[in-house]
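Numbers restart at 1 for each chain; the letters A, B, ... are given by sequence-line order, proteins then strands.
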Amino acid sequence: MLVSNENVEEILGKLRRNKIFVVDIETTGLHLYNKDYVTGVGIGTSDRSAYYFPISHATHWKIFDDKDSTELICANLCGGWEFGKSYDVSDVVVKEGISYVCTKNVINSEVEPCKDMVQNIDKIYFYKLIDILNNSNILIGFNIKFDLHGLIRNGLKPDHQRLVDCLVMARMCTHNRFADLDLLSTYKNFIDANAHDHKLEYKVYLKKHKIKDNREDIDAYFQSGYCCTDIQYTTELYTALTREVYKAGMSRTLELEVETTRTLLFVESFGNKIDKHYCAKTHAELNRKVSETEDKIFEITKEKDPERVNVLSNLQIGVIFHKFDIHSPTKTAAGKECWDEKVLLGIDHPLVGKIKEYRTLRKLRDTYFTPFLEEEYIHPSFKNWGTITGRLSCSEPNLQNIPRYLTALDTDKKVIDEEKQKKIIAMASLHKTASGNTAGGASLASWGYTGDEDFKDADDMISVRRLFISRPDFFLYSFDFSQMEIRVFISYLKNPRIFEEMRKSDFDFHSFVCKLVFGYDETHPEFKFWRQISKAITFGLIYGMGDDLLAGQMGKSIEEAKTFRALYFSKMEGSLDFIESVHKKVEDRGFVFNKYGRRYFLPANRSYVGVNYLIQGSTGDLVKDRMNHVYRYLETKRSRLINQIHDELLIEVHKDEEKDVPPEVIRLLEENDFGIPLKVDVAKCYPSWAHKVK
DNA sequence: CCTGACTCA
DNA sequence: CATTTGAGTCAGG
């Protein structure tokens with residue numbers, strides 16, 4: 001029901017007798033740390049009541065002379081308002097002895113006065129509500145971090161409550177990777193397949209009232225109905241999904257996620273500081289280079305086509321290459337000609353270098369610089385419901401795929417020697433099957449691969465990680481789990497010898513494999529490169545790759561790949577047993593549990609995926625577990641967790657805590673319930689994430 | 001194997 | 001005509 005100044009005290013009194021609440025906020029949009037704000041708050045209680053507190057709905061409406069808008073004609077007729085004028089929601093017009101209240105809610109020609117005033121509650125009641133939530137024991141929501149962010153912006157301090165996200169539980173109980181997990185779909189899946197589609201109703205309302213970015217104009221009555229339906233659905237889902245989670249034996253996973261939700265909530269709200277100066281400067285340089293490259297592309301293509309070619313269009317690339325009598329050797333999944341990096345490397349034509357260069361520049365500019373131009377701090381969204389394995393995913397922006405390597409700005413001047421050429425081709429071929437062609441030498445300069453991660457503020461190099469800096473008085477520290485997935489993989493093997501080996505502080509698994517397979521040790525000049533190849537192959541095995549793909553990655557024949565796999569299995573005692581036992585479980589009963597009790601369902605013909613799910617998922621859950629411990633430790637400190645990239649944590653360490661915090665964080669990260677010998681490397685990143693100070 | 005962002009069609 | 005959807009490419013683990 002809709003709360004007003006008249007009944008708010010009574011309702012707050014009722015709420016004070018509760019300790020468990022379902023929360024759902026309504027806002028003007030999704031950017032709560034930027035332009036958007038809370039328009040209303042919905043609160044549900046265990047007796048299934050739902051209350052909507054309107055906070056900042058628009059209270060001024062202009063009456064337009066619009067034939068399509070029946071409500072306004074009606075308002076005009078029944079209330080005596082004038083077209084073109086602005087009215088407050090609390091305005092009352094008396095006509096023939098009847099009071100009419102200005103409301104947007106009068107939809108059809110029912111000429112009746114509106115008795116309830118559609119008005120926001122006074123701010124003081126909102127803060128009283130926040131106070132009640134601060135003293136609660138459990139807060140329940142659907143995608144609850146979003147709602148909590150909106151409330152945190154208004155004084156909520158959820159420091160002790162259980163924060164239960166029904167979306168997280170829905171993910172845990174949904175076996176289909178592509179399933180729609182929005183509230184309505186989830187409700188239909190778990191509660192009632194024929195549930196009323198309030199979302200559609202909402203959409204129709206928005207369209208009818210021409211509401212797009214002006215969500216504050218939504219009528220509070222209407223919003224209340226929508227919000228209370230959300231609350232009702234969420235409440236029912238909470239009961240059903242909790243039961244489902246326990247029935248499936250995933251209570252431990254749930255406890256982990258409840259903690260993780262709080263950790264992530266604060267990671268997101270701290271945000272990451274952006275170097276505005278570097279952003280603006282680099283953005284300008286990129287703009288200049290983008291048009292330069294566009295011109296150069298035109299120089300090449302104009303002999304065949306007077307129009308400029310957009311090389312971001314797969315279609316147009318094909319058309320122009322055909323005019324040069326060049327055809328792609330490979331097709332995409334949908335049967336179109338493929339013009340990806342691997343294909344381009346096999347073509348000897350001046351265009352390919354420019355295409356690669358243009359793609360790189362546009363991606364950098366449009367993904368990592370343009371969106372941050374106006375931002376001082378960015379608040380990403382980490383999702384503990386984003387993956388089927390249990391890893392986090394991250395969006396707006398995705399901080400988990402910020403490029404590691406530097407990009408050369410002036411590729412024309414760059415000299416690429418033969419050694420580097422080989423590396424570029426090999427690096428590229430790691431990601432796709434080999435084409436067999438040789439690359440055109442000159443165009444390789446555009447590949448911009450440097451192998452360097454360290455940024456030295458050189459004018460001709462661009463680093464995206466250079467954008468990320470710390471607040472004044474804080475320093476960025478990076479904590480990196482060394483070869484974590486491998487260590488988790490090994491923990492599944494009955495192999496005490498390698499386990500002991502891993503406890504040695506200088507143990508490096510990829511070097512170990514490199515020596516084993518290629519016979520190259522640290523003294524070999526190309527050791528670093530071949531270690532990189534070994535790394536890719538190990539991951540391939542963990543991913544459950546077949547012999548054909550493995551051969552492609554190794555650049556060897558399928559026969560040799562088989563030999564390599566056999567050698568790997570024989571040297572890695574217990575590895576074959578583990579993989580076969582996973583296959584057997586999936587084939588026998590259809591699911592496996594990871595180390596935190598997360599359950600993975602798989603069809604028998606995809607049993608090989610189970611190996612990856614267990615390793616990736618146990619690793620993901622283990623990192624979240626350790627993150628939660630670090631978060632708890634930092635609660636009493638000034639330093640704070642600001643980012644997670646699967647096996648790396650970024651912490652802003654306060655200048656007065658540099659002595660104590662890093663060693664304790666390492667200790668907390670390496671500790672675990674499974675006796676896995678984890679190893680964490682730490683680096684101070686100053687002045688930015690791109691700079692690693694040893 | 002697990003992701004997300006941007007662009008084009 | 002605006003909005004949604006799938007594909008392609010490429011960044012990370």
Side-chain angles (χ1 to χ4, degrees), chain A residues 171 177-178 180 203 206-207 210 212 309-318 328 330-344 355-356 358-372 380-405 407 427-428 430-432 447-449 453 463-465 480-481 483-486 488-489 535-536 538-546 549-550 553 582 600 602 606-621 623 643-649:
Chain A
R171 165 45 80 204
R177 184 155 63 97
F178 304 104
D180 246 337
K203 249 174 112 173
L206 294 187
K207 201 158 196 174
K210 300 190 174 65
K212 279 177 82 175
V309 174
N310 179 3
V311 294
L312 292 187
S313 158
N314 216 43
L315 203 91
Q316 292 188 40
I317 288 185
S328 171
T330 51
K331 293 264 190 289
T332 67
K336 302 260 168 59
E337 270 189 304
C338 177
W339 300 107
D340 68 9
E341 204 166 309
K342 187 64 203 59
V343 169
L344 293 184
I355 292 173
K356 168 65 187 175
Y358 190 71
R359 283 176 177 170
T360 306
L361 291 167
R362 282 294 299 268
K363 180 145 203 166
L364 276 176
R365 188 190 69 176
D366 298 343
T367 309
Y368 301 114
F369 289 89
T370 309
F372 301 154
S381 171
F382 283 97
K383 293 160 188 165
N384 48 343
W385 47 266
T387 70
I388 206 156
T389 56
R391 268 189 176 184
L392 297 179
S393 81
C394 179
S395 63
E396 293 173 275
N398 181 356
L399 296 184
Q400 294 183 317
N401 67 350
I402 304 290
R404 293 186 71 91
Y405 296 105
T407 305
M427 291 300 289
L430 280 177
H431 301 284
K432 287 270 153 50
W447 253 254
Y449 165 75
E453 286 184 52
S463 165
V464 183
R465 295 191 179 205
D480 206 288
F481 282 101
Q483 303 171 326
M484 189 167 187
E485 286 200 341
I486 291 158
V488 171
F489 170 55
K535 188 174 170 179
T538 297
F539 284 131
L541 281 169
I542 289 176
Y543 296 159
M545 192 181 278
L549 267 176
L550 184 61
Q553 294 235 337
V582 174
Y600 305 116
L602 285 160
R606 276 169 51 85
S607 64
Y608 66 97
V609 180
V611 175
N612 176 248
Y613 279 16
L614 287 182
I615 297 168
Q616 187 182 116
S618 292
T619 308
D621 281 335
V623 174
N643 196 357
Q644 188 243 47
I645 310 96
H646 305 304
D647 59 0
E648 178 184 2
L649 297 183

How is A/Glu485 classified with respect to the nucleic acid when contacts are heavy atoms under 4.0 Å: base, sugar-phosphate, or nothing?
nothing
Among the nucleotides B/dT7, B/dG4, B/dA5, which one has an atom lying closest to any side-chain atom of A/Glu396?
B/dA5
How many Å lie between CD1 on A/Ile542 and P on B/dC2, as a whole number?
15 Å
The side chain of A/Glu341 lies closest to which of these nucleotides: C/dG12, C/dC10, B/dA9?
C/dC10
Kindly say whether A/Glu337 contributes a backbone atom to a donor-acceptor pair with the side chain of A/Asn314 at under 3.5 angstrom?
yes
Among B/dG4, C/dT9, B/dA9, the one nearest any side-chain atom of A/Ser395 is B/dG4
Between C/dT9 (P) and A/Trp339 (CH2): distance, integer Å
10 Å
Check whether any side-chain heavy atom of A/Pro403 sits under 4.5 Å from a side-chain heavy atom of A/Tyr368, and report yes or no.
yes
If you take atom types as modelled and just measure distance, does the side chain of A/Arg404 reach the base of C/dG12 with a donor-acceptor pair under 3.5 Å?
no
Quickly work out the A/Leu344 CG to C/dG8 P distance and round it to whole Å.
15 Å
Would you mind telling me which residue lines up with the more 5' stretch of DNA chain B, A/Thr367 or A/Arg606, judged by nearest nucleotide?
A/Arg606
Side chains of A/Ser381 and A/Glu396: any donor to acceptor distance under 3.5 Å?
no
Between atom CD1 in A/Ile645 and atom C1' in B/dG4, what is the gap in whole Å?
15 Å
Whole-Å distance, A/Gln483 CD to C/dG13 P, equals 14 Å
Within a strict 4.5 Å, meaning less than it, do heavy atoms of the A/Trp339 and A/Thr332 side chains meet?
no
Which one, B/dA9, C/dT9, B/dT7, comes nearest to the side chain of A/Leu315?
B/dA9
Side-chain N or O of A/Arg365 less than 4.0 angstrom from OP1 or OP2 on B/dC6?
no
Side chain of A/Tyr608 - closest among B/dT3, B/dC1, C/dG13
B/dC1
Nearest-angstrom distance from the residue atom CD of A/Gln400 to P of C/dA11:
17 Å
Starting the side chain at C-beta, find the nucleotide from B/dC2, C/dG12, B/dC8 nearest to A/His646.
C/dG12
If you compare every side-chain N and O of A/Asn401 against the phosphate oxygens of C/dG13 (OP1, OP2), does one of them come in below 4.0 Å?
no
Minimum heavy-atom separation for A/Ile615 to A/Val488, with atom names?
O-CG1, 4.1 Å
Where the side chain of A/Asn612 is defined as all heavy atoms beyond and including C-beta, which of B/dA9, B/dC2, C/dA11 is the nearest nucleotide?
B/dC2
Looking only at heavy atoms, which two atoms of A/Val343 and A/Thr330 are closest? And how far apart?
CG2-OG1, 3.0 Å
Which of C/dT9, C/dA11, C/dG8 is nearest the side chain of A/Ala333? It is C/dG8
A/Ser313 side chain, from C-beta outward: closest of C/dC10, B/dC8, C/dA11
B/dC8
Do A/Glu341 and A/Lys356 meet the salt-bridge criterion of a basic N to acidic O distance under 4.0 Å?
yes
Output the rounded distance in Å from CG (A/Asp366) to P (B/dG4).
20 Å
Mind checking A/Asn398 for me? I need base, sugar-phosphate or nothing, with any heavy atom below 4.0 Å counting as a touch.
sugar-phosphate
What is the separation between atom CG on A/Asp621 and atom P on C/dG13, rounded to the nearest whole Å?
20 Å
Give A/Ile402 one of three labels, base, sugar-phosphate or nothing, depending on what nucleic acid heavy atoms sit under 4.0 Å from its own.
sugar-phosphate
Looking at the side chain of A/Pro371, which of C/dG12, C/dT9, B/dC6 is the nearest nucleotide?
B/dC6
Once you apply a heavy-atom cut-off of 4.0 Å, does A/Leu399 come out as touching a base, just sugar-phosphate, or nothing?
nothing
Considering just the side-chain nitrogens and oxygens of A/Arg362, establish if one lies under 4.0 Å of OP1 or OP2 belonging to B/dT7.
yes
Presence of A/Ser393 side-chain N/O under 4.0 Å of B/dG4 phosphate oxygens OP1/OP2
yes
Taking only N and O in the side chain of A/Tyr613, is any of them less than 4.0 Å away from OP1 or OP2 of B/dC1?
no
Looking at the base of C/dC10, is there any donor atom on it, or on the side chain of A/Lys363, that sits under 3.5 Å from an acceptor on the other one?
yes
